[in-house]
Amino acid sequence: MGRENQTWMCEFILLRLSSAWETQVFLFVLFLAMYLVTVLGNFLILLLIRLDSRLNTPMYFFLGVLSFVDICYTNSTVPQMLVHFLSAWKSIPCHSCVLQLCVSLAMGSMEFFRLGAMAYDCYVAVCHPLHYTLIMHGGLCLGLVAGCLVAGFSNSLTETMITFQLPLCHSVINYFGCENLAVLWLACVDVSFNKAMVAISGFLVILLPCSLVLFSYARIVATILRIPSAQGRRKAFGICASHLTVVCMCFGATMFPYMRPVGGSSVEQEKMIALFYAVVTPMLNPLIYSLRNNDVRSVLQRVLQKFSEKG
């Protein structure tokens, strides 16, 4: 009964990012603007892919999945953070904390696996262009996304269950949300096993997709260098440039804290890195793909032109 009360019949207190009220208001306005750009930008990507049949290709199918994952991931953390910016008592019930951790871990894990799938898509497009439509057929694309979904939620449920089975003696989380390592610090018992599981999870969820990305781009670069014309090399690299930019942001923002669970970095550093991944990266994804992609820009221009003609 004592353990049940400690673990479930409770609420957690989240520490604020700043003690100054003016700073809290400024952060609220800043993150609200970024949140709106994130949600609207990703919904716009989904809408454009839905409206124009010319975007019904594997690359844009994976891009639509990315936008959906970004929307879910952002909504799992940012709205609660916005409310807490203007709240004197920054608490979150245990069940909400469990749900937040589960969803954020699932969406974050799924994004890494999906980046690996997109790297394979780029590899086929550049290295085997004549067989692209034969290899990247609809069944394979759906299978890759389903595999990413299953792998993401399997990792999330495992991590969430072993974390919240621990007896928790403290209620103050030194974080802006329910994050796995931050919750582990509340435990009354030794958490070496849990930290080892975090490291294993980091290897499976981050390093394995990263290895696939590195292998794919090694083959892509080797293929591009063999193209005789400079225009052909630019076109081939342009196919994967946006994806490579997102890969660098996502893997760079998460590999540092999650692959070093034991010491080596301060809590404040990890907070800033987590904030970047939770707020900035989902906002930049649609901007990177839309601004650097001629197909998306042309579809957007046609849609806006149609609306202006109707108006």
Side-chain angles (χ1 to χ4, degrees), residues 3-17 31 35 68-84 90-113 148-189 191-206 250 253-262 267 270-279 281-282:
R3 176 171 175 167
E4 180 180 347
N5 288 336
Q6 288 173 318
T7 307
W8 297 103
M9 306 297 292
C10 65
E11 66 177 6
F12 296 113
I13 308 301
L14 303 174
L15 293 186
R16 63 187 68 191
L17 295 175
F31 286 120
Y35 171 72
F68 176 77
V69 170
D70 281 342
I71 290 171
C72 294
Y73 181 81
T74 301
N75 281 317
S76 71
T77 56
V78 177
Q80 166 249 302
M81 184 170 59
L82 292 173
V83 171
H84 283 181
K90 306 179 190 301
S91 63
I92 179 171
C94 265
H95 64 274
S96 298
C97 187
V98 173
L99 181 62
Q100 183 183 87
L101 179 60
C102 184
V103 173
S104 61
L105 277 176
M107 294 298 104
S109 301
M110 185 178 175
E111 181 158 358
F112 291 121
F113 290 119
C148 294
L149 183 65
V150 170
F153 271 99
S154 298
N155 174 71
S156 170
L157 291 173
T158 301
E159 288 291 307
T160 303
M161 285 190 295
I162 66 173
T163 296
F164 283 96
Q165 282 180 350
L166 295 171
L168 305 179
C169 297
H170 309 284
S171 61
V172 178
I173 300 178
N174 188 13
Y175 225 72
F176 57 85
C178 289
E179 194 269 344
N180 200 12
L181 294 175
V183 175
L184 289 180
W185 285 107
L186 309 181
C188 312
V189 296
V191 293
S192 299
F193 171 77
N194 298 78
K195 290 183 177 180
M197 290 298 296
V198 170
I200 294 172
S201 172
F203 174 79
L204 295 175
V205 173
I206 300 177
C250 291
T254 54
M255 192 172 293
F256 176 70
Y258 284 96
M259 296 309 297
R260 299 179 62 185
V262 183
V267 174
E270 292 183 4
K271 278 185 182 181
M272 293 302 105
I273 294 170
L275 269 177
F276 178 86
Y277 182 75
V279 181
T281 300

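Everything quoted here is computed from the prediction, not taken from an experiment.
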Nearest heavy-atom neighbours spanning Val205 and Phe113: CA-CZ, 4.0 Å
Set of disulfide bond (SG atoms under 2.5 Å apart) partners for Cys148, sequence neighbours left out: none
Check: Ser91 and Phe12 side chains under 4.5 Å, non-hydrogen atoms: no
Rounded distance [0.5 Å steps], OG in Ser109 versus CD1 in Ile206: 8.0 Å
Atom pair CD/NE2 of Gln100 and His95 - distance to nearest 0.5 Å: 11.5 Å
From CD (Glu11) to OG (Ser171), nearest 0.5 Å: 8.0 Å
Ala187 versus Leu166, closest heavy-atom pair with distance: CB-CD1, 4.0 Å
Side chains of Thr160 and Leu105 in contact at under 4.5 Å (non-hydrogen atoms): yes
Gap between atom CZ of Phe68 and atom CD of Glu111 - 0.5 Å precision: 13.0 Å
Short side-chain to backbone donor-acceptor contact, Ser156 and Gly152, under 3.5 Å: no
Any Tyr35 side-chain heavy atom under 4.5 Å of Asn75 side chain: yes
Short side-chain to backbone donor-acceptor contact, Thr163 and Glu159, under 3.5 Å: yes
Pairwise side-chain contact, Thr74 with Val279, heavy-atom cut-off 4.5 Å (strictly under): no
Side-chain heavy-atom pair Leu157, Cys102 within 4.5 angstrom cut-off: yes
Pairwise side-chain contact, Phe153 with Met107, heavy-atom cut-off 4.5 Å (strictly under): yes
Within-4.5 Å side-chain heavy-atom neighbours: Thr77 and Val103: no
Value rounded to 0.5 Å, distance of CG in Leu14 from CD1 in Ile92: 6.0 Å
Minimum-distance pair of heavy atoms, taken over all atoms of Cys188 and Leu168: SG-C, 3.6 Å
Residue pair Val183, Ile173: steps toward the side-chain contact (heavy atoms from CB on, under 4.5 Å) verdict: CA-CA 7 Å; Val183 175; Ile173 300 178; 4.2 Å; yes
Euclidean distance, Thr158 OG1 relative to Ile162 CD1, rounded to 0.5 Å: 7.5 Å
Non-hydrogen side-chain atoms of Phe164 and Leu101 separated by less than 4.5 Å: yes
Over all atoms of both residues, closest heavy-atom pair of Gly177 and Gln80: CA-OE1, 4.2 Å
